Engineer: 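Quick one: the structure is below, and I'll ask about it shortly.
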Amino acid sequence: MGGPDARVAGLAGDPFRVVVLTCDMLGLETAARLDRVPGVRVVALCNSPHRRLPLRRRIRRVWRTRGLAGFVGILMHKVRRA
C-alpha cells in the first residue's frame, strides 16, 4: 500500500505535498498562493509549454464549439481590443 492519503495526512497534522501542473501564469499564481497555506510544506510546479494551434485549426475549433454567434463574438472582441 502507498503512503498516507490526504485525509489521513490532514488529520495527523502532517504537512501536505502539492504538485501544480500548468501551461500558463495561472498555475504559477496558484502555486504561490498554495505556498502560503498553513499545512502545505512542498509546492512543486510542473510547467509545460502551451502548444499554439495554427490559425485555420483555431477557427475550425471555434466554429464547431460555439457556432456562428460565438465566432462573430470572438471576432468583435478581437477588433475592439486592437
Side-chain angles (χ1 to χ4, degrees):
M1 193 157 172
D5 67 10
R7 290 171 292 161
V8 174
L11 292 175
D14 296 335
F16 287 105
R17 294 172 179 234
V18 180
V19 176
V20 178
L21 305 174
T22 185
C23 64
D24 61 3
M25 292 302 293
L26 180 61
L28 182 62
E29 294 168 8
T30 303
R33 288 185 182 184
L34 280 171
D35 195 36
R36 294 189 299 254
V37 172
V40 175
R41 185 181 70 181
V42 177
V43 175
L45 179 64
C46 297
N47 192 8
S48 66
H50 179 68
R51 188 177 59 121
R52 181 114 174 140
L53 294 176
L55 178 62
R56 183 176 173 164
R57 286 187 61 193
R58 283 184 279 160
I59 291 171
R60 287 181 65 198
R61 175 182 286 171
V62 169
W63 185 265
R64 288 179 179 170
T65 58
R66 299 185 182 194
L68 179 60
F71 184 75
V72 171
I74 289 174
L75 282 177
M76 295 305 294
H77 175 74
K78 294 212 179 264
V79 167
R80 279 190 222 127
R81 233 179 26 176

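Because the structure is predicted, anything quoted here is derived from the model rather than measured.
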Engineer: Please determine whether residues Leu75 and Leu68 belong to a single hydrophobic cluster, defined as Ile, Leu, Val, Met, Phe, Trp and Tyr linked transitively by side-chain heavy-atom distances below 4.5 Å.
Structural biologist: yes
Engineer: Would a single hydrophobic cluster contain both Val40 and Leu28, if residues Ile, Leu, Val, Met, Phe, Trp and Tyr are joined by side-chain heavy-atom contacts under 4.5 Å?
Structural biologist: yes
Engineer: Measuring from atom CD1 of Ile59 to atom CZ of Arg64, what distance do you get when rounded to the nearest 0.5 angstrom?
Structural biologist: 12.5 Å
Engineer: Starting from Leu26, walk the hydrophobic network (Ile, Leu, Val, Met, Phe, Trp, Tyr; side-chain heavy atoms closer than 4.5 Å) and list everyone else you reach, by chain and number.
Structural biologist: none
Engineer: Check this for me: Arg58, atom CZ, are more than 12 non-hydrogen atoms of other residues, nucleotides or ligands nearer than 6.0 Å?
Structural biologist: yes
Engineer: Under 4.5 Å between side-chain heavy atoms, chaining through other members, with only Ile, Leu, Val, Met, Phe, Trp and Tyr counted: pull out the rest of the cluster around Val19, sorted by chain and number.
Structural biologist: Leu21
Engineer: Residues two or more places apart in sequence or in another chain: which of them pass side-chain hydrogen bond (donor to acceptor under 3.5 Å, both in side chains) with Thr22?
Structural biologist: Asp24
Engineer: Of all the heavy-atom pairs spanning Gly27 and Leu45, show the shortest one and how long it is.
Structural biologist: O-CD1, 3.9 Å
